[in-house]
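Okay, so here's the structure we're looking at.
Computed from a prediction, not measured in an experiment: that's the story for all the values here. We name chains A, B, ... by the order of the sequence lines, and we start the count at 1 in each one.
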There are 2 protein chains.
Amino acid sequence: MSASQPVRGTRVRGTRQAEALATALEDLAGFRSAQDIHAELRRRGERIGLTTVYRHLMVLSEDGAVDTIRDEDGETLYRRCETSEHHHHVTCRSCGRSVEVEGRAVERWADRVAAEAGFVDVDHTVEIFGLCPACAAK
Amino acid sequence: MSASQPVRGTRVRGTRQAEALATALEDLAGFRSAQDIHAELRRRGERIGLTTVYRHLMVLSEDGAVDTIRDEDGETLYRRCETSEHHHHVTCRSCGRSVEVEGRAVERWADRVAAEAGFVDVDHTVEIFGLCPACAAK
DNA sequence: TAATGCATGAAAACGGTTTTCACTATCGGT
DNA sequence: ACCGATAGTGAAAACCGTTTTCATGCATTA
């Protein structure tokens, strides 16, 4: 379903811009919005357009190379993925720092309750937000 | 924190529009977008503005009278709340029908993993999407 | 009835994201 | 090197759900 139509304008590697984005994602610790990431790249002196940042993030997330979540305002946040396994996050509301957590228990729970309700083709989103130790100290 | 500033334009009851919205929410089975609900009201011949629908839904959700979730496109969906206790939903991707499920297990899991990571002031979102039996049959 | 105050809603503003399209960089073949 | 084809880029515009503005309406009080 996803290998059918390669999105136009997306080599992900090989261009100056793709490289810069990859590096930035490497450095940035937590979940950031596309605009944040773009601003960071500009701050570093990179010449890159917001459009390109969105495009690459889109492909990277389809490929599973970055995780995405939605914050409470509905904005999409991106972060370089550490493991390719299915997992969830505890994310700091204030600084975006996040910790990956194992969630076999929730997976099982989600599958079970959905099955009990007779639903199929089931998917779930689980996100935990809070204040990280550093931000809580302030 | 929420009792400080009464939102302007929101009696929730007593006006023709508020009544119509309440009735529509009563009738509509599952989670619907504000625009859906507005369209439904118009279909029924109600004279009500989209703004008003948004305003009421906002207040109703603050009051806990309707549940809100976000679909995968980031749109907010609303549904009349059945119980005032904290709960989660299994929602049909196709028709919006949803089943409330008890989630003490997830609550505990969320609190535990957040605490292990040292996070405080923790909040979580858990949503399950799938196809309901009726929609799966098609 | 007049005055007051909140509710309403059309239209405009908003803000994140996506699309358009003219331009540029890259690569293979000659 | 020099094409010519193919794919990437990015500024600006379009999109679209949602919120704000503000002139008007309705209802309840004096």
### Task
Measure from CD1 on Ile48(A) to C1' on dA25(C) and round the result to the nearest Å.
15 Å
### Message
Testing the basics here: between Phe119(B) and Cys92(A), what is the closest heavy-atom pair and its distance to 0.1 Å?
### Response
CE2-N, 3.5 Å
### Task
Give the rounded distance in Å between these two atoms: CZ of Arg32(B) and P of dG17(D).
16 Å
### Summary
Of the candidates dT19(D), dT9(D), dT17(C), the side chain of His56(A) sits closest to dT9(D)
### Atom pair distance, as rounded to whole Å: CE in Met58(B) and P in dG17(D)
15 Å
### Task
For the side chain of Thr15(A), starting at C-beta, report the closest nucleotide among dG17(D), dG8(D), dA10(C).
dG8(D)
### Message
Keeping Arg79(B) on the side-chain end and Ile69(B) on the backbone end, is there a donor-acceptor pair under 3.5 Å?
### Response
no
### Query
What nucleic acid atoms does Thr76(B) come within less than 4.0 Å of, heavy atoms only: base, sugar-phosphate, or nothing?
sugar-phosphate
### Task
Record whether the side chain of Thr52(B) comes under 3.5 Å of the base of dA7(C) through a donor-acceptor pair of N or O atoms.
no
### Message
Output the rounded distance in Å from CG (Asp36(A)) to C1' (dG16(C)).
### Response
12 Å
### Side-chain donor/acceptor of Asp71(A) to backbone N/O of Asp73(A), under 3.5 Å
yes
### Task
Answer with base, sugar-phosphate or nothing: what part of the nucleic acid does Gln17(B) contact at a heavy-atom distance below 4.0 Å?
sugar-phosphate
### Task
Rounded off to whole Å, could you give me the CG-to-P distance for the Asp71(B) and dC16(D) pair?
15 Å
### Query
Using a cut-off of 4.0 Å on non-hydrogen atoms, how would the nucleic acid contact of Arg47(B) be classed: base, sugar-phosphate, or nothing?
sugar-phosphate
### Task
Using atom CZ of Arg70(A) as one end and atom C1' of dG17(D) as the other, report the distance to the nearest whole Å.
12 Å
### Summary
Against the side chain of Gln35(A), the closest entry in dA11(D), dT8(C), dT17(C) is dT17(C)
### Query
If only atom types and distance count, is the side chain of Arg16(B) paired as donor or acceptor with the main-chain N or O of Arg47(B) below 3.5 Å?
yes
#### Entry: Spacing between Tyr54(A) atom OH and dT9(D) atom C1', to the nearest angstrom
17 Å
### Query
Which of these nucleotides, dT8(C), dT18(D), dT9(D), is closest to any side-chain atom of Ala34(B)?
dT18(D)
### Task
Rounded to the nearest angstrom, tell me the gap between atom CD1 in Ile37(B) and atom P in dG17(D).
14 Å
### Aromatic plane relationship, His124(B) with His86(B) - under 30° parallel, 30 to 60° tilted, over 60° perpendicular
perpendicular
### Query
Do Arg55(B) and dG9(C) share a donor-acceptor pair, side chain to base, under 3.5 Å?
yes
